[in-house]
Amino acid sequence: MTYRVVRCFPVLAVLLAGVTAGAAAQNAPLPPRPSVGFPPAISLMFGFSGYGDRAGYFDTTGSKWTESLGNGPILVGRVQSPLGRRFALHAGGAVTRRTLRQDQDGNPQFTSNYKVLSLRVDGGLLFRFKPAAPMYFGGAFTYLRHGSAPVIEASDHVTTETGFGLGVGVDFGRRPGSNIFGRAEYWSYWMTPKADSLVGPFVLRSRARDATLSVGITYLLSIRPSAPRTR
């Protein structure tokens, strides 16, 4: 009899282990929820902006004369809000103060001492192929307001332009538990130039391509808890 009981011990142990494992599985924490690619955040960046030709013409010798804003530093701010795991809504603003310039065949001929204050506002979508991928892409509708016409040979008053932009960015230096990391962005903008009362042979371009390269920091407005969830 004792021998039979002893022989049952392994079977009882296996059954007990199975019951214990089942109970533990019921109470075991689940893996963390998948993170979103764009948590709520704000970014502040400093960079360099370039501006496409707003007006121009060809003279009798075949030389190409163009007018635009000078290139220079720009201050950029952006906010983002998640839209699913890989997308986000974003809105941004940028401000710069640039001189007016006139070129002949790409060579500067005249630069005005007067500086134009320009404000860019844009908004649209951001996208990552994977939520944890550092690189992302974006698109935006864009509004650009100049304190004065962005060409020399035009009437001097507030001028607004509209267009769209495409961008690529990368996040770097991000660490678990930290809500601050680095961000770099490059955006190209295709704007429709506007100006009134152009002087001489200058005519407006149908499209001007601007560009901005900026680097700065991003601050997460909230950090998803790292503790695993339970049932």
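Values below: every heavy atom of this structure, side chains too, minus hydrogens, waters and symmetry copies.
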Give a yes or no on whether a salt bridge exists between D103 and K64, defined as a side-chain N under 4.0 angstrom from a carboxylate O.
no

Whether [X] side chain and [Y] backbone form a donor-acceptor pair below 3.5 Å:
{"X": "T96", "Y": "P73", "result": "yes"}
{"X": "R128", "Y": "P134", "result": "yes"}
{"X": "D210", "Y": "G52", "result": "yes"}
{"X": "E67", "Y": "I152", "result": "yes"}
{"X": "S148", "Y": "H146", "result": "no"}

Is R120 close enough and on-axis enough to Y189, meaning under 6.0 Å and within 45°, for cation-pi?
yes

Minimal non-hydrogen separation, S178 against L220, with atom names:
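Residues S178 and L220, closest heavy atoms: O-CD1, 4.1 Å.
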
I'd like to know whether R145 forms a side-chain contact (heavy atoms from CB on, under 4.5 Å) with T160, so could you lay out the CA-CA distance, the side-chain angles of the two residues, the decisive distance to 0.1 Å, and finally the verdict.
CA-CA 4 Å; R145 182 184 186 277; T160 61; 4.2 Å; yes

F137: which of F87, F129, F38 passes ring-ring contact (aromatic ring centres under 6.0 Å, His included)
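Of the listed options, the one satisfying the test is F129.
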
Please name the residue in the list I74, N71, T212 that meets the side-chain contact (heavy atoms from CB on, under 4.5 Å) test with F48.
N71

Could you point out which residue of R98, R54, R97 forms a side-chain contact (heavy atoms from CB on, under 4.5 Å) with L69?
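So, applying the side-chain contact (heavy atoms from CB on, under 4.5 Å) to L69 and each of R98, R54, R97, only R98 qualifies.
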
Using 30° and 60° as the class limits, which term best fits the ring planes of Y57 and W65: parallel, tilted or perpendicular?
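Taking W65 first and then Y57, their aromatic rings lie parallel (interplane angle under 30°).
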
Answer yes if the ring centres of F164 and F141 are under 6.0 angstrom apart, and no otherwise.
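No, the ring centres sit 6.0 Å or more apart.
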
